[in-house]
Amino acid sequence: MKLTGAEILTRFLADEGVEYVFGYPGGAVLHIYDALHRQDRLKHILVRHEQAATHAADGYARSTGKPGVVLVTSGPGATNVVTGIATAYMDSIPMVVITGQVPTSLIGNDAFQEVDSVGITRPCVKHNFLVKDVDDLAMTLKKAFYIATTGRPGPVVVDIPKDVTANVADYKYPRQIEMRSYNPVVKGHPGQIKRAVKMMTSARRPMIYSGGGVILDDASKALTELGHLLGCPVTNTTMGLGGFPASDRQFVGLLGMHGTYEANMAISNCDVMIAIGARFDDRVTGNIEKFAPKAKIIHVDIDPASISKNVKVDVPIVGGVNNVLKAMLKQLKAEGFKPDEEVLGKWWAQIEKWRAKDCLKYDASGDRIKPQHAVDLLHKITKGDAFVTSDVGQHQMWAAQYYGFDKPRRWINSGGLGTMGFGLPAAMGVQLAHPKAQVACITGEGSIQMNIQELSTCLQYDLPIKIVCLNNGYLGMVRQWQEFFYDNRYAHSYMDSLPDFVKLAEAYGHVGIQVDKPADVEGAIKEAFKQKDRLVFLNILTDPTENVYPMVPAGAGLDEMILI
Amino acid sequence: MRHIISILMENEAGALSRVAGLFSARGYNIESLTVAPTEDVTLSRMTLVTRGSDEIIEQITKQLNKLIDVVKLVDLAEGPHIEREMMLIKVKTTGSGAREEILRLVEIFRGNIIDVTPTTYTIEMTGRADKLDAFIVALDKAPILETVRSGVSAISRGVKSLRV
């Protein structure tokens, strides 16, 4: 059957099982938009800025495990998606971004709205393609989805010149794909798994440190089982929250720069560390020389380049996290492994001593609203079962520390790139994927303004997101660093001339609620969630002097953290 | 330590810039780089000379392997191998006795004179990089007008081969 390139694209996306395309039209993609208009299998979500399209697709992907799909025009359309692509790249999120391009005859001609999209995105994509011939379109798209969703996932850009979308070719959905240059290893090496199991079973102070890989590979069930079988403490990275239930007694919280005292002390004292789907990021390790100095390290990751990149490990295992965990469990069970209660008891007695410091305590009795308290109340009112997206800064850390995620894919944040403006558009993607679910966006008055225009998109598609804006009038994390390390010189971290967020929400057709007394927070959050069909903007005026604790200063070891 | 990384990659537009971009983005250095299609035109063979500690070389090979266009690679410095570089060099021959002197040097270094004018020679020379360096030093007195070097090409010794 002969179809135009534009028709092949829309037909392919539907055949591939794509539900939503997040995008913004423009000259180079007009044929594609026309084809979209003439079909009914794909739903297109019109954002208000292309960056938001990528974050929305990203939120959709993180909350479902399916690839997010973006469609934008050439030139500024393509440059506007770079931040969102880099965000997805740093957190290994499967995404396919279709960018329009000027006609092939004009490429390299400095044509109107021309930019070298493949060149600009090259350092922040898993791979990218420029399709020069309509005959290659379907197969290239298949490759893009295959690459984006397998191995270590990531964003893939497909740049399509306008003439290619007008030219015709035969279309048949390519079911199979094989690439000689791309074959990710998914099964762990049995010998290495054996060595790892031996190391785990002979450990006296074992510890599991798990990250986003567990979420991406849907391995939280296997991880939880391994944690329970070994009986050891489990810590999660910011990307890994929800991989192991936060309400489980064995969970010791977040580790790293704003990790708990017990998690960081356990890392500093464990004798065997089992790192699963985590990449020893600098925010996790602190001073690398002082990281887990007493531990033998087992590292499971699908990406060989993540292994021994920052920290030399003793037992590297390349493979899909879920596969490897299952293989480990099988072997542990075959051996009839039971932890030595006495040895493990001693380790736990030590951990409980650290835990007794109660490093996340705060005093909510004053007359200013404590942001931690607001997050605690959000957890209580949503019964810990909401999808929570966040922006970047102090509120992000408080959300990570206090919400307590029991399930994977519920915590949606830009952990690697730290992209302000991520939260609201990501929440749109989450809400579209889960129309009945409670979706909260924890944000600050700085971050929310970076993509505030999406309030308009939320109205258009009836997305009843609850925006929990912890408004302290400061770019709080910047202010905190300036307080600690720049002698209180608050250079440009104060947000003067803030808009009236309640009126702003109302102007966009939503509900706005302002809260400035601690006693009113609970009622306001309840009221917000009562309004099931409305977006509610909760502008919560919080204590401007509050800091995120504990904190490991730059260059320090994890056991040298500042407590409150 | 010096390493010679030999890469078989898809002969696709942009493949070279992916490798070059990787090196600049991650702060690795490239001493020399050559690339051309192989007997199978869908594949290019790249030879890349770099330096770094064992950890850095390990990361370089892992990161290169991660590139979707890279089919296979080998660090030739890990085993016995042969390396060659080709140089074209144009020198002035106007000094007294210069032509005879240069001709003799070219013979000693087993080079060829491939173009002659009344005032210049163009010499072709192949060998290890240090031999080419030595020839340049030996030319000392003859003014060099132009030097073109191909960068290192290398292949493993024996029956072992890098192929799909």
Side-chain angles (χ1 to χ4, degrees), chain A residues 86 89-90 92 104 107-108 116-133 136 140 143-148 150-159 177-185 279-280 288 301-313 316 318, chain B residues 3 5-30 33 35 37-46 48 50 52-75 78 161-164:
Chain A
Y89 183 63
M90 286 292 271
S92 311
T104 44
I107 287 179
D116 175 10
S117 305
V118 165
I120 282 183
T121 58
R122 189 177 297 122
C124 59
V125 292
K126 186 167 171 189
H127 198 60
N128 56 19
F129 297 95
L130 169 65
V131 185
K132 284 187 165 164
D133 186 337
D136 300 334
T140 305
K143 280 185 188 168
F145 277 83
Y146 173 61
I147 292 168
T150 51
R152 179 176 178 176
V156 177
V157 167
V158 184
D159 198 27
I177 177 100
E178 240 180 78
M179 293 176 70
R180 64 179 169 186
S181 63
Y182 175 70
N183 293 295
V185 176
R279 59 185 177 88
F280 297 83
I288 212 112
D301 205 290
I302 191 135
D303 178 9
S306 280
I307 293 178
S308 292
K309 181 173 73 176
N310 301 331
V311 171
K312 196 100 192 126
V313 302
V318 177
Chain B
H3 289 258
I5 300 173
S6 216
I7 308 164
L8 267 185
M9 56 199 307
E10 298 288 353
N11 187 8
E12 298 271 355
L16 173 61
S17 58
R18 286 180 210 280
V19 172
L22 170 70
F23 273 70
S24 66
R26 294 190 182 266
Y28 308 140
N29 85 81
I30 299 180
L33 187 158
V35 60
T38 64
E39 78 284 0
D40 172 355
V41 292
T42 65
L43 286 170
S44 287
R45 170 99 173 219
M46 179 182 283
L48 197 154
T50 184
S53 62
D54 289 353
E55 289 78 25
I56 288 179
I57 299 299
E58 183 183 333
Q59 264 300 307
I60 288 176
T61 54
K62 282 173 167 179
Q63 294 291 350
L64 282 169
N65 262 318
K66 238 174 106 168
L67 294 176
I68 306 289
D69 286 335
V70 169
V71 183
K72 244 182 189 177
L73 66 82
V74 63
D75 182 354
E78 279 176 356
S161 55
L162 178 66
R163 53 185 300 116
V164 177

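Below, read A as the first sequence line, B as the second, and so on, with proteins coming before strands; counting in each chain starts at 1.
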Asks: Evaluate the side-chain proximity of B/L43 to A/R180: yes if any heavy-atom separation is below 4.5 Å, no if none is.
Replies: yes
Asks: Indicate yes or no: at least one non-hydrogen side-chain atom of B/K62 is less than 4.5 angstrom from one of A/V318.
Replies: no
Asks: Chain A contacts: which residues in residues 7-14 of chain B have a non-hydrogen atom closer than 4.5 Å to it?
Replies: B/E10, B/G14
Asks: At a heavy-atom distance under 4.5 Å, which candidate from B/K72, B/E55, B/R18 has the highest pair count against chain A?
Replies: B/R18
Asks: Could you tell me which portion of A/I307 (side chain, backbone, both or neither) has an atom closer than 4.5 angstrom to a non-hydrogen atom of chain B?
Replies: both
Asks: I'd like to check B/D69 versus A/H127 (side-chain heavy atoms, cut-off strictly below 4.5 Å). Are they in contact?
Replies: yes
Asks: Hey, is the main chain of B/I68 close enough, under 3.5 Å, to the side chain of A/S181 for a donor-acceptor pair?
Replies: yes
Asks: Tell me which pairs pass salt bridge (charged side-chain N to carboxylate O under 4.0 Å, His left out) where either residue lies in residues 301-313 of chain A, with sequence neighbours left out.
Replies: A/R152-A/D303, A/D303-B/K66, A/K312-B/E58
Asks: Shorter than 4.5 Å, heavy atoms on both sides: which option in A/N183, A/N128, A/L130 has the most such pairs with chain B?
Replies: A/N128
Asks: Considering only heavy atoms and a distance below 4.5 Å, find which of A/P184, A/P123, A/P304 pairs most often with chain B.
Replies: A/P304
Asks: For the candidates B/N65, B/T42, B/L22, B/I56, which exhibits the highest count of non-hydrogen atom pairs separated by less than 4.5 Å from chain A?
Replies: B/T42
Asks: Minimum heavy-atom separation for B/Q59 to A/A305, with atom names?
Replies: NE2-O, 2.9 Å
